[in-house]
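Structure, as structure tokens:
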Number of protein chains: 2
Amino acid sequence: MRLTTKGRYAVTAMLDLALHPEQGPVSLSDISQRQGISLSYLEQLFSKLRRDALVKSVRGPGGGYQLGRPIDDIYVAQIMDAVNEVIDATGCKNKADCKNGVTCLTHYLWCDLSDQIHGFLSKISLGDLMRQNDAHNKVNKVTEPKVDDQLFMLQTNEMAG
Amino acid sequence: MRLTTKGRYAVTAMLDLALHPEQGPVSLSDISQRQGISLSYLEQLFSKLRRDALVKSVRGPGGGYQLGRPIDDIYVAQIMDAVNEVIDATGCKNKADCKNGVTCLTHYLWCDLSDQIHGFLSKISLGDLMRQNDAHNKVNKVTEPKVDDQLFMLQTNEMAG
DNA sequence: AGAATACCCGACTAAAATAATCAAGTAAAT
DNA sequence: ATTTACTTGATTATTTTAGTCGGGTATTCT
């Protein structure tokens with residue numbers, strides 16, 4: 001899991017789609033103008049988003065892109081994973097001499113953390129983000145992410161597995 | 001907030017320090033060997049970590065680095081922030097013609113998400129990570145880090161939802 | 001049918017960040 | 001005094017990001 005500017009562009013573009021629900025498909029040139037992202041770069045990103053079925057494309061005049069699923073079935077982690085290459089976080093996966101030394105303990109701890117972040121972003125949908133903004137405008141307080149619960153949940157999940 | 005390989009190196013190095021509590025300072029060359037990070041790159045990272053008082057340095061023979069605070073007072077977000085430059089996530093912060101249109105709504109939603117991630121990582125300390133690993137080992141009796149399981153878990157996470 | 005729109009795709013280039021290297025210091029311990 | 005190891009700055013190489021280019025294909029509209 002990586003949180004890069006590339007992923008930010010992707011999430012931004014997906015949010016742009018989510019904010020234009022049923023006026024037909026949204027063209028990349030529209031997104032390009034509104035969000036200030038180059039058209040060709042958007043094409044690269046949407047190629048990957050489409051590969052993961054996060055968006056559907058409609059060709060021809062009046063065509064463009066639409067979300068591939070309802071906003072509550074699209075999670076931030078999925079968007080990030082679609083556009084970012086998965087990396088080997090340990091750097092020692094294939095080493096024969098990797099025998100639970102200090103090195104691998106740190107790697108393991110890092111993987112733990114990485115899983116926590118991934119699990120966290122796997123629970124935030126586009127719909128969550130948009131509703132949170134609504135709530136924020138009304139009450140100025142948010143109920144969505146339960147951070148402490150997340151921490152404990154991960155522990156129990158791993159123990160079970 | 002960015003979650004990059006650079007930040008991963010920093011967290012890894014800090015974990016390495018945390019795992020060597022009171023045998024005196026830990027030299028960067030030790031960390032370099034154990035974690036497979038080049039010495040000079042570690043120097044760059046620790047320059048920033050020191051600037052933020054996350055580590056203390058001891059010069060001379062037998063010198064090295066120690067954590068600047070107890071493990072429960074050092075949070076992952078602080079480490080990330082120390083080594084990563086803060087970026088302007090909106091790209092329109094200073095524009096006078098930015099009047100809360102669709103563009104800025106997406107930017108605002110992104111900032112919201114970014115705050116959530118930051119808040120999440122601001123609650124995970126080095127101590128949390130280490131204790132969680134202890135609990136995991138006790139329950140599963142795992143003595144060797146199971147990298148393949150980690151990867152598998154990540155994949156199923158990606159597929160889920 | 002033909003023109004216009006907009007997705008699709010691969011290769012290429014430019015810019016930026018990451019990672020590593022080199023060189024020349026300073027502080028402290030033996 | 002010598003060695004160790006931090007400290008700093010400059011430089012370079014590599015990778016990633018971002019953008020560009022030039023072609024395509026599917027679709028709609030006239």
Side-chain angles (χ1 to χ4, degrees), chain A residues 2-13 17 20 23-33 35-68 80 82-89 91, chain B residues 1-13 17 20 23-68 80 82-89 91:
Chain A
R2 299 159 69 198
L3 181 56
T4 62
T5 54
K6 194 176 191 175
R8 194 190 76 215
Y9 280 140
V11 172
T12 298
L17 282 191
H20 295 84
Q23 304 140 9
V26 179
S27 73
L28 291 188
S29 58
D30 283 354
I31 300 178
S32 173
Q33 287 189 325
Q35 305 301 335
I37 311 170
S38 87
L39 178 59
S40 299
Y41 195 46
L42 280 175
E43 287 177 346
Q44 291 177 36
L45 296 178
F46 273 75
S47 166
K48 296 180 176 181
L49 294 173
R50 197 175 77 100
R51 187 187 56 194
D52 286 15
L54 295 174
V55 296
K56 284 180 293 194
S57 63
V58 179
R59 287 184 153 195
Y65 286 94
Q66 286 172 310
L67 294 181
M80 304 267 186
V83 298
N84 285 316
E85 308 300 322
V86 175
I87 53 173
D88 174 20
Chain B
M1 167 60 60
R2 299 160 68 197
L3 181 56
T4 62
T5 54
K6 195 176 189 175
R8 194 189 76 217
Y9 280 140
V11 172
T12 297
L17 281 191
H20 296 83
Q23 304 141 7
V26 179
S27 73
L28 291 189
S29 57
D30 283 353
I31 300 178
S32 172
Q33 287 189 325
R34 279 195 293 259
Q35 305 302 335
I37 310 169
S38 87
L39 178 60
S40 298
Y41 196 46
L42 280 175
E43 286 174 347
Q44 292 176 36
L45 296 179
F46 273 76
S47 166
K48 296 180 175 181
L49 294 173
R50 196 175 79 101
R51 186 187 57 194
D52 286 15
L54 295 174
V55 295
K56 284 180 292 195
S57 64
V58 180
R59 286 184 154 195
Y65 285 94
Q66 286 172 310
L67 294 181
M80 304 267 186
V83 297
N84 285 316
E85 307 302 320
V86 175
I87 53 174
D88 174 19

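Every heavy atom of this structure was used, including side-chain atoms; hydrogens, water molecules and symmetry mates were not. Since we're looking at a predicted model, the values are computed, not measured. Order of the sequence lines fixes the chain letters, A, B, ..., with proteins taken first and strands second; residue numbering starts at 1 for each chain.
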Whole-Å distance separating the [atom1] atom of [X] from the [atom2] atom of [N]:
{"X": "A/Met80", "N": "D/dT17", "atom1": "CE", "atom2": "P", "value": "13 Å"}
{"X": "A/Lys48", "N": "C/dC7", "atom1": "NZ", "atom2": "P", "value": "18 Å"}
{"X": "A/Leu42", "N": "D/dG19", "atom1": "CG", "atom2": "C1'", "value": "11 Å"}
{"X": "A/Leu45", "N": "C/dC8", "atom1": "CG", "atom2": "C1'", "value": "14 Å"}
{"X": "B/Tyr65", "N": "D/dA5", "atom1": "OH", "atom2": "P", "value": "13 Å"}
{"X": "A/Arg8", "N": "C/dA16", "atom1": "CZ", "atom2": "P", "value": "14 Å"}
{"X": "B/Lys56", "N": "C/dA27", "atom1": "NZ", "atom2": "C1'", "value": "18 Å"}
{"X": "B/Leu28", "N": "D/dC6", "atom1": "CG", "atom2": "P", "value": "4 Å"}

Worksheet item: Could you state the interatomic distance from NZ (B/Lys48) to CG (B/Leu54), rounded to the nearest 0.5 Å?
Response: 13.0 Å
Which part of the nucleic acid does [X] contact within heavy-atom distance under 4.0 Å: base, sugar-phosphate only, or nothing?
{"X": "B/Phe46", "result": "nothing"}
{"X": "B/Tyr9", "result": "sugar-phosphate"}
{"X": "A/Leu39", "result": "nothing"}

N or O in side chain of [X] less than 4.0 angstrom from [N] OP1/OP2:
{"X": "B/Arg50", "N": "D/dT7", "value": "yes"}
{"X": "B/Arg51", "N": "D/dT8", "value": "no"}
{"X": "B/Tyr41", "N": "C/dC22", "value": "no"}
{"X": "A/Ser57", "N": "C/dC8", "value": "yes"}
{"X": "A/Ser40", "N": "D/dC21", "value": "no"}

Item to complete: For A/Ser38 and A/Ser40, test the side chains for any donor-to-acceptor distance below 3.5 angstrom and give the result as yes or no.
Response: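 Checked: A/Ser38/A/Ser40 side chains show no N/O donor-acceptor pair below 3.5 Å.
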Worksheet, complete the sentence: Ranking A/Val83 and B/Ser47 by the position along DNA chain D of their nearest nucleotide, the one closer to 5' is B/Ser47
Practice prompt. Would you check if B/Val83 and B/Gln44 make a side-chain contact, meaning some heavy-atom pair closer than 4.5 Å?
Written response: no
Item to complete: Could you check if a side-chain atom of A/Leu3 sits within less than 4.5 angstrom of a side-chain atom of B/Met80, using non-hydrogen atoms only?
Response: no
Among [options], which nucleotide has an atom closest to any side-chain atom of [X]?
{"X": "B/Arg59", "options": "C/dA20, D/dT17, C/dT26", "value": "C/dT26"}
{"X": "A/Pro61", "options": "C/dA29, D/dT27, D/dC6", "value": "D/dT27"}
{"X": "B/Glu43", "options": "D/dT7, D/dT28, D/dC6", "value": "D/dT7"}
{"X": "B/Thr4", "options": "C/dT18, D/dA18, D/dT16", "value": "C/dT18"}

Discussion item. Does the plane of the ring in A/Phe46 sit parallel, tilted or perpendicular to the ring in A/Tyr65? Use 30° and 60° as the thresholds.
Written reply: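 It falls in the tilted class, 30° to 60°.
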Item to complete: Assign each of A/Gln44 and A/Gly63 to its nearest nucleotide of DNA chain C by heavy atoms, then name whichever residue's nucleotide is nearer the 5' end.
Response: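 On the 5' side of the pair lies A/Gly63.
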Fill in: Comparing B/Gly62 and A/Gly62 on DNA chain C - which has the more 5′ nearest nucleotide
A/Gly62
Item to complete: May I ask you to say whether A/Arg50 pairs ionically with A/Glu43, meaning some side-chain N is under 4.0 Å from a carboxylate O?
Response: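 Looking at A/Glu43 together with A/Arg50, the answer is no, because their closest N to O distance does not fall below 4.0 Å.
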